[in-house]
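Notes follow once the structure below has been shown.
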Number of protein chains: 2
Amino acid sequence: MSEPTRNRRRVTAADVAREAGVSQSAVSRVFTEGASVSGRMDARVREAAERLGYRPNVLARSLITGRTRIIGLVVAYLDNPFYPDAIEKLSAALQEEGYHLLIFTTGRTEMDVDRIFQELMDYRVDGIIAASINLSGDLAKRCREAGMPVVLFNRGTDQGGISAVTSDNVAGGRMVAEFLLRGGHRRLAHIAGWEASSTGRDRLQGFRDHLKGAGRPLMYVADGAYDRHRASEAARFLMGQAVPPDAIFVANDHMALAVMDCLRHDLGLRVPEDVSIVGYDDVPMAGWPSYDLTTVRQPTRRMVEASVAELMRLIAAPARQATTTRIDGPLVVRGSARLPEDRT
Amino acid sequence: MSEPTRNRRRVTAADVAREAGVSQSAVSRVFTEGASVSGRMDARVREAAERLGYRPNVLARSLITGRTRIIGLVVAYLDNPFYPDAIEKLSAALQEEGYHLLIFTTGRTEMDVDRIFQELMDYRVDGIIAASINLSGDLAKRCREAGMPVVLFNRGTDQGGISAVTSDNVAGGRMVAEFLLRGGHRRLAHIAGWEASSTGRDRLQGFRDHLKGAGRPLMYVADGAYDRHRASEAARFLMGQAVPPDAIFVANDHMALAVMDCLRHDLGLRVPEDVSIVGYDDVPMAGWPSYDLTTVRQPTRRMVEASVAELMRLIAAPARQATTTRIDGPLVVRGSARLPEDRT
DNA sequence: CGGGTGTTTGCATACGTATGCAAAGACCGG
DNA sequence: CCGGTCTTTGCATACGTATGCAAACACCCG
């Protein structure tokens, strides 16, 4: 850890007070929304502040108000394009509310729960948005017990007491099953997300249950671990079976794009003629002409809105009951899967 | 803006002091690296802190030390995959140094310099990493003048006094020109980044100057504005010329991938048979088999290391002279451009 | 044992700010 | 003009912490 020198001097409220010939508390009141201050005083102080280049120190304020206006964002990695997009939107939405995101990256390895928890505590963040696939329930629980508002983004949870915003993954998986069956597919396979991930389990569950109910049980499930390389291996495994599948539902787009590349470029297969592919997320790349991926759209904007709204509610009333919000997204039909006959 | 209630009570150093039967300053010293404290005292205080769940408040500390351990990250958008990757690496590197990134997103529109500057001041960030394409020189200059360490990431600057880390864009453009000429291309075009962007200008300059020196002047330059849609339009424009180019150097991969899709899927052309494409960045998608893009690799890891190192130096000695670091990256030859004969 | 030197500890204060409270000021009505 | 009521202002204090300084303690050597 670097050892920096002491910070240079900065303009304080006391300087502004002196310049305007008023008290420090008047200066504070001018910059505090809702405080009682006359129009004359307001103008006088603001002019002095402008002259001196003064801005209130949010962090000093936080000692009194107990509010830092900082939201901790816990995220594993950013190479799945779903997350950069979501973060951009989260940041914009929170900036509108006067908050900023402080990033805590966990990387792909087993999360060091103690370290992340301590760092979140260090900064007295007003709340946490957790968008990390390897987020342990333990961390979320500890944060919640320490009184921090927590919202899981695109993460579900088996534990009560933690708020979460997801798309309706069960319904999404079901929608894909319906669509593929109507397209005449008979040998259905799934490349799953990650066994510990509830979003991945829910997508599989919706898909599997619907197939079963239609008398077309799921033939294969292979583990993709939300990783491109693993997904390619899973695709090779599936297509190497004596009776290969004619459609594969892949648990997210990030993997689905890799599966398509593998099928076409490594295995010399055609998509959708030889095998249909459906993904989940509708990341920007899904719409690129080279892929033209049929996929369930995660309604990122609405998920972001719901997450920010829930976080604001928790910040306002920390003892508030946790909620789980599931938001429906449509199936976006592009060119990677054969169409149901009544759709041509 | 939400109006949150007052924060709940938290464990303080005074509580730990009481629990351990020592002074508050002893507690502080135990958690301050380099402070003089006996092993016995250290153990006693840490045990009490552990029992009570105490963590020092970084923000309260910042009032004394003048150090927040927060770095402001100014970024426009995250849909160019170069930036998510860089941010992930920046975050990891800074976490190693005990810092965290606070995000300030500017969006794609004309940047509101006053707002961003004020918000950066509000949080008393220890330094700023600016990775925004629409970052105005004015903001960087104002921050620097206000005493904040600033490092431009993948941004150059025409103004002195601001540190910057880029790849060697001129050399990169030159490398592309050499490569394409050796591949027998005769009609060279460029889809440029953004007229106000020095990285874009430097890439064009390296490309153009080398072509000119070789007696093969650049035929066309079209503006892509670092935007997929604009890049596709530029590609259409170029290929619609009476004498279309046989090679296009695109100022970044984000646009190059869109150009490839447009050429193949909209214009029915073959890449590289009909027209070679070379990009810049080597984002993850460039290596995907559907694209297999030949491109200049921006050495993200080394750029991140250089940026963090420079930022740490500036934090330690704010009056330090600004530096510009240019890091070479290789040309990564894949399948989107015809090879020089001596390369087959 | 006493003196010299180095280490450790607590006191008092400061960092930049918000806020409760009492006093002063402003305004209105009788 | 006076009394009542509302608004505004400054004082004093608190938030959670680090640090200069002086006193106490510990250790070593002659």
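In what follows, chains are A, B, ... by sequence order, proteins preceding strands, each numbered from 1.
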Inset, instruction - Flag this pair as yes if the NZ/CZ of A:R69 is under 6.0 angstrom from the six-membered ring centre of B:Y123 and inside a 45 degree cone about the axis; otherwise no. - result: no
Inset, instruction - Would you please say whether a donor-acceptor pair under 3.5 Å links the side chains of B:T323 and B:E310? - result: yes
Inset, instruction - Could you tell me which residues satisfy ring-ring contact (aromatic ring centres under 6.0 Å, His included) with B:F104, sequence neighbours excluded, listed by chain and number? - result: A:H100
Inset, instruction - Could you tell me which residues satisfy side chain to side chain donor-acceptor pair (under 3.5 Å) with B:T325, sequence neighbours excluded, listed by chain and number? - result: none
Inset, instruction - Write down the distance between CD (A:E33) and C1' (C:dT17), rounded to a whole number of angstrom. - result: 17 Å
Inset, instruction - Could you please name the option among D:dT17, D:dT19, D:dG16 that lies closest to any side-chain atom of B:T65? - result: D:dT19
Inset, instruction - Verify the contact: side-chain N or O of A:T12 to OP1 or OP2 of C:dG16, cut-off strictly under 4.0 Å; return yes or no. - result: no
Inset, instruction - Would you kindly give the CD1-to-P distance between A:I64 and C:dT19, to the nearest whole Å? - result: 8 Å
Legend entry - With sequence neighbours excluded, residues passing side chain to side chain donor-acceptor pair (under 3.5 Å) with A:N57: none
Legend entry - Atom-pair distance (CZ on A:R10; P on C:dT17), nearest Å: 11 Å
Legend entry - Spacing of B:L52 atom CG relative to D:dG16 atom P, expressed in whole Å: 14 Å
Legend entry - Polar side-chain atom of A:R313 near backbone of A:A317 as donor-acceptor pair, under 3.5 Å: no
Inset, instruction - For A:R326, check side chain to side chain donor-acceptor pair (under 3.5 Å) against everything at least two apart and list the hits. - result: none
Legend entry - Side-chain N,O (B:Y123) to OP1/OP2 (C:dG16) below 4.0 Å: no
Inset, instruction - Measure from CD on A:Q24 to C1' on D:dA12 and round the result to the nearest Å. - result: 11 Å
Legend entry - Expected output: side-chain A:D126 to main-chain A:T68 donor-acceptor under 3.5 Å: yes
Legend entry - B:R46 charged N/C atom sitting above B:F31 aromatic ring, 6.0 Å / 45°: yes
Inset, instruction - Select from B:A26 and A:A60 the residue whose nearest nucleotide in DNA chain D is closer to the 5' end of that strand. - result: A:A60
Inset, instruction - Answer yes if the side chains of A:Y226 and A:T199 hold a donor-acceptor pair under 3.5 Å, and no otherwise. - result: yes
Legend entry - Atom-pair distance (CZ on B:R67; P on C:dC15), nearest Å: 17 Å
Inset, instruction - Grab the CG-P distance between B:N57 and D:dA14 for me, whole Å please. - result: 19 Å
Legend entry - Close approaches to DNA chain C from residues 34-48 of chain B, in residue order (heavy atom, under 4.0 Å): B:S36, B:V37, B:S38, B:M41
Inset, instruction - Using a heavy-atom cut-off of under 4.0 Å over every strand shown, decide if A:F31 touches base, sugar-phosphate, or nothing. - result: nothing
Just the table, please: protein N/O against nucleotides 20-23 of chain C N/O, every pair under 3.5 Å.
none

Inset, instruction - Under 4.0 Å between any heavy atoms, over every strand shown, what does A:V27 touch: base, sugar-phosphate, or nothing? Just pick one. - result: nothing
Inset, instruction - Find the distance B:L59:CG to C:dT17:P and express it as a whole number of Å. - result: 14 Å
Inset, instruction - Report yes if at least one side-chain N or O of B:R124 is closer than 4.0 Å to OP1 or OP2 of C:dC15; otherwise report no. - result: no
